[in-house]
There are 2 protein chains.
Amino acid sequence: MIKQIEEIHEGWKNQGKRLTKQKKIILEIIKQTRSHPTADWVYEQSRKELPNISLGTVYRVLSQLTIEGLINELTFEKQRHFDGFVEDLHSHVICNDCGKIVDISLSYNQILQEFVETQTNYLIDDQNHEFFGICPDCQNKNN
Amino acid sequence: MIKQIEEIHEGWKNQGKRLTKQKKIILEIIKQTRSHPTADWVYEQSRKELPNISLGTVYRVLSQLTIEGLINELTFEKQRHFDGFVEDLHSHVICNDCGKIVDISLSYNQILQEFVETQTNYLIDDQNHEFFGICPDCQNKNN
DNA sequence: TTATGTGCAAAATATTTGCTTTCCG
DNA sequence: CGGAAAGCAAATATTTTGCACATAA
């Protein structure tokens, strides 16, 4: 088991939360991909290990993980996507053609957050910056 | 009729598109609010003028306007929101408590877009930057 | 006149929830 | 063993669509 998951498990014990095999496999999937998957994709992947897992469980676990801040939710388009990589703040670059998503670190984010707080008097605790365009592959495809 | 709508109408004529009373009222609503409404809110507003307008029509018109770039779509949370103010690039600051959305202009956006293009080789044509937090009203409410 | 656009209702899509059963600790 | 969590299916919520009819140009 990944060390990260052991640590999450430790934290959960104190709250009476259990590490079921369903949660374990979902965590492994979402923490080991950088592909920002949908709930349905996580469901399909998890069924390879646990053929009887239900989509409802996947939704429930992903929602729980989001609330705990262990993963992030992205909501461009109508479908939600999940991002298991929460260690550092990063932005997303999304292809309008094929949907491919890549991460990019933009160092201005922290400074900006403070600027927005000053300007608006909102207390900011999160941000989401997405860029939309055409990825290199699709640019070639269309030529 | 707002001048802006007359201009849109002119542009449409060349494409064989019509300015129906439904489209006119939807344009008036979306172009005269800065409140980033949902399709349902636009529907409720439009029914005050056109009691028989259907929700399907509202969705169809809003989608058409989005494709034409006359309005923007925001997709935080599961529901879509629409933004009639496309004249200048701006970011959104969203309250996690009451959902209130305010605009903020951040001058770095254009420079950043070029930086992202260089780094990723994507051809960027749009971006969406959202900040999440607690608005001043909700901060007071919770004290 | 005529083809675009609308209303209506049904379908599609995505997500949530109630209830019974399973199983982690 | 007890209670948290899973499975299943039905319910919700949101958005899209087919078709007959209405209407802008």
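The sequence lines fix the lettering, A, B, ..., with proteins before strands; numbering per chain opens at 1.
Using a 4.0 Å heavy-atom criterion, one finds that B:N52 contacts the sugar-phosphate atoms exclusively. Counting non-hydrogen atoms under 4.0 angstrom, B:T20 reaches the backbone sugars and phosphates but no base. A:R80 comes within 4.0 angstrom of sugar-phosphate atoms only, judged by non-hydrogen atoms across all strands, and of no base. At a threshold of 4.0 angstrom between heavy atoms, the contacts of A:K13 with the nucleic acid are absent.
Going from atom CD of B:Q119 over to atom CD1 of A:I104 covers 5.0 Å, rounded to the nearest 0.5 Å. Put simply, NE2 on B:H90 and CG on B:N72 are 7.5 Å apart, with the number rounded to the nearest 0.5 Å.
Between A:G56 and A:V61, the one whose closest nucleotide on DNA chain D sits nearer the 5' end is A:V61.
Side-chain N/O atoms of A:H9 include one lying less than 4.0 angstrom from OP1 or OP2 on C:dG25. For A:Y59 and C:dT15, the shortest distance from a side-chain N or O to OP1 or OP2 is below 4.0 Å. OP1 and OP2 of D:dA5 both lie 4.0 Å or more from every side-chain N or O belonging to A:K17. The side chain of B:Q22 contributes an N or O atom lying less than 4.0 Å from OP1 or OP2 of C:dG7. Phosphate contact (OP1/OP2 of C:dG7, side-chain N/O of B:S54, threshold under 4.0 Å): present.
A donor-acceptor contact under 3.5 angstrom links the side-chain atoms of A:R18 to the base of D:dG3.
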